[in-house]
2 protein chains.
Amino acid sequence: MATIYQVSELAGVSLATVSRVMNGGTRVSEKTREKVTKAMETLNYRPSSIARSLASNCSNSVGILVSELHGPIYGAMMSGIEKQLRTAGKHVIIAAGHSDADSEKDGIEFLIDRNCDALILHVEAVSDEYLIELAKTQHAFILINRYIPQIADNCISLNNRRGGYLATKALLENGHRDIAYISGPLWKMDASDRYFGHQEALSEFGITCNDALLSEGNFQEEGGNECMLALLDKNIPFSAVVCANDEMAAGAMQAARDRGMAVPNDISVMGFDNVLLAQYMYPKLSTVNYPVQDMGKMAASWILKNIYQANQPEISHVFEPELVWRDSVISL
Amino acid sequence: MATIYQVSELAGVSLATVSRVMNGGTRVSEKTREKVTKAMETLNYRPSSIARSLASNCSNSVGILVSELHGPIYGAMMSGIEKQLRTAGKHVIIAAGHSDADSEKDGIEFLIDRNCDALILHVEAVSDEYLIELAKTQHAFILINRYIPQIADNCISLNNRRGGYLATKALLENGHRDIAYISGPLWKMDASDRYFGHQEALSEFGITCNDALLSEGNFQEEGGNECMLALLDKNIPFSAVVCANDEMAAGAMQAARDRGMAVPNDISVMGFDNVLLAQYMYPKLSTVNYPVQDMGKMAASWILKNIYQANQPEISHVFEPELVWRDSVISL
DNA sequence: AACATAAATGTAAGCGCTTTCATTTGGTTT
DNA sequence: AAACCAAATGAAAGCGCTTACATTTATGTT
């Protein structure tokens, strides 16, 4: 591997000059620039990013912490981030936090120790206080899918409440009045926000929310299945169920069918997230779109703009969900 | 940020000694080890991985190149890799290749330039020759889901042919005789291997493979949909269709239903991969399991063993698929 | 007690770059 | 031609570590 020194030798200039043509900042005469460029080519020179990082105190890498590396939401998110960052020549170091506070802290420390210039965090378990504290250190980070008022500038989030509202309102507008709700773990902000939105829509239609029609799930198919069964067992009639994410909707559908009910004719099902799976399901799932890939891109833009001084379009911090109509809901 | 120098000062020892207690290799007296450890704690010292990399010429990072960051297969794969590597204190740099030769080469160069100690590659578009050539350089890498005889030791792959064989054989054993096939892009090794397996099973049952019953798709839902439609339009009767992956199976099911056919009663559908989606579908998809997460783990083990001299269990290079019975296939 | 030997520690030279500051070069001005 | 100034280039000091080698200290041997 050729070093900068060998290039400078071949080109007959000093190290500093080679560095200059690499980084393009200061002026170098056309003649020497050419000499150096040619030397770099003949030696097939690749600058060492490590050495560069050490000398410049900038690693050109950003750390990403997601709950899981698999799963449609995180996949789309990372995809958005990588695309954006890669074209800017930054690289992406990835770790998983597994929705566990210790594991998330571990992950954050790991990434910081790796000299990431900035972090993009999708953390669920770690406390607000921890993050507020973290923001006071010199470690730059942006939070995805979480909103903490004290550090609002570091947050990019979905208007989950409005999403929940939209989902339920769509059902209401189509004549449904008895609507069950399968939530995510309510200690998670997004889960409770979505549920609040649901309640809001109900009350807007003058319906008092029946706690018996709420079942708390785990954001997974199996949980949706169990919740649906539990709901059905209560023998309280309902014509529709809104699920706090698409996976649970899949489970709920399954459960309904296992009990001999047809979807959507006997019961309408509404999802949330609009992951790929939603269109694969049968019937295709009506759901609420969560533009997570765009949010990933935006997070990357924020970093490019705030950490690397690249110029980037305006940063939006709150994204709006949208209703996606498909086949799992009927009009009463 | 404290440096090693400050630690050495506080502990009253030399740089080298601090380095020794950090790296644990050579012997240090218990007394000084304690002094140093305490100094590190009071200073909240974190070694700079960058400086360490530069000095030791080892970055403790491994690069991963997958076709896409989203998608169930890649997600599971990365998840397996990260889990394994993270516990070993290595970190994971990720890039996407988008199934395009130039983009894949770019990605590889990018990762190499990033001083990754080794690479894990899931590449589809780049030629065998390129990879064979790459193996001759000093850059260590392992290929996932691809088999190249000349560098077999660098490959971890699925026995795709056997998978295709299993899928079709299962159909044959259940009385199906007229079996259509929706393949992936046949220039991709895995796609053609799976199809070969299909043919093999047919011929084992004394059935000549009818080319008219093959339709080449793109491994995506929409492709599966189109292929199924095309197949149906030929008016050649068939009682089952095997699809080269689960997404296409979802599309095919949809198409069949759009034409008024019931799955599995009018037509049986067999998938491949056993991604999460397969259990969410309705009816639940019978498919062939592709243990991609395990393969990811194995790739990581290979690297830990061969690059970082960690001791690891025996490396398997070829994984075997397994049939997964669910509800999308009936017995004739 | 004198010496040999091994263990513990220190010294200092890098690793491949960036960057500040000093020096040289070449073009203008008078 | 002397004087000046900006542009181009070079010299050298780090960045925070690792590591070969040198030195010191402790341990054991006779």
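A, B, ... follow the sequence lines: proteins, then strands. Residue 1 opens every chain. From a predicted model like this one, the values you see are computed outputs, not experimental measurements.
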Sorted by first residue and then second, give each side chain to side chain donor-acceptor pair (under 3.5 Å) pair with at least one member in residues 33-43 of chain B; sequence neighbours left out. none
Quick one: which residue pairs count as a salt bridge (charged side-chain N to carboxylate O under 4.0 Å, His left out) with a foot in residues 303-313 of chain B, not counting sequence neighbours? none
Regarding A:S79 and B:H70, is there a side-chain donor-to-acceptor distance under 3.5 Å anywhere? yes
Tell me which pairs pass salt bridge (charged side-chain N to carboxylate O under 4.0 Å, His left out) where either residue lies in residues 55-72 of chain A, with sequence neighbours left out. none
Applying side-chain hydrogen bond (donor to acceptor under 3.5 Å, both in side chains) to B:S19 and not counting sequence neighbours gives B:N23
Counting only side-chain nitrogens and oxygens, does A:T17 get under 4.0 Å of the OP1 or OP2 atom of D:dT9? no
Heavy-atom contacts under 4.0 Å between residues 29-39 of chain B and DNA chain C, which residues? B:S29, B:T32
Give every donor-acceptor pair under 3.5 Å between a side-chain atom in residues 53-67 of chain A and any protein atom, sequence neighbours left out.
| unit_1 | atom_1 | unit_2 | atom_2 | d |
| --- | --- | --- | --- | --- |
| A:S53 | OG | A:S49 | O | 2.8 |
| A:S53 | OG | A:C58 | O | 3.3 |
| A:S56 | OG | A:R52 | O | 2.7 |
| A:S59 | OG | A:S61 | N | 3.4 |
| A:S59 | OG | A:S61 | OG | 3.0 |
| A:S59 | OG | A:N115 | O | 2.4 |
| A:S59 | OG | A:D117 | OD1 | 3.2 |
| A:N60 | OD1 | A:K90 | NZ | 2.7 |
| A:S67 | OG | A:H122 | ND1 | 3.4 |
| A:S67 | OG | A:E124 | OE1 | 3.3 |

Can you list every salt bridge (charged side-chain N to carboxylate O under 4.0 Å, His left out) pair that touches residues 99-111 of chain A, not counting sequence neighbours? A:E109-B:R46
Results of side chain to side chain contact (heavy atoms under 4.5 Å, CB included) for B:N159 - residues two or more places apart only: B:R161, B:R162, B:V318, B:E320, B:P321
Contact list for residues 128-150 of chain B, test salt bridge (charged side-chain N to carboxylate O under 4.0 Å, His left out), sequence neighbours left out: B:D128-B:R146, B:E133-B:K136
Just to verify, what does A:E82 make a side-chain hydrogen bond (donor to acceptor under 3.5 Å, both in side chains) with, not counting sequence neighbours? A:R86
In degrees rounded to 10°, what angle is found between the helical axes fit to the five outermost pairs at each end of the helix from C:dA1-D:dT30 to C:dT30-D:dA1? 40°
What does nucleotides 12-19 of chain C look like as a protein-contact string, B for base, S for sugar-phosphate only, - for none, at under 4.0 angstrom between heavy atoms? --BBBBBB
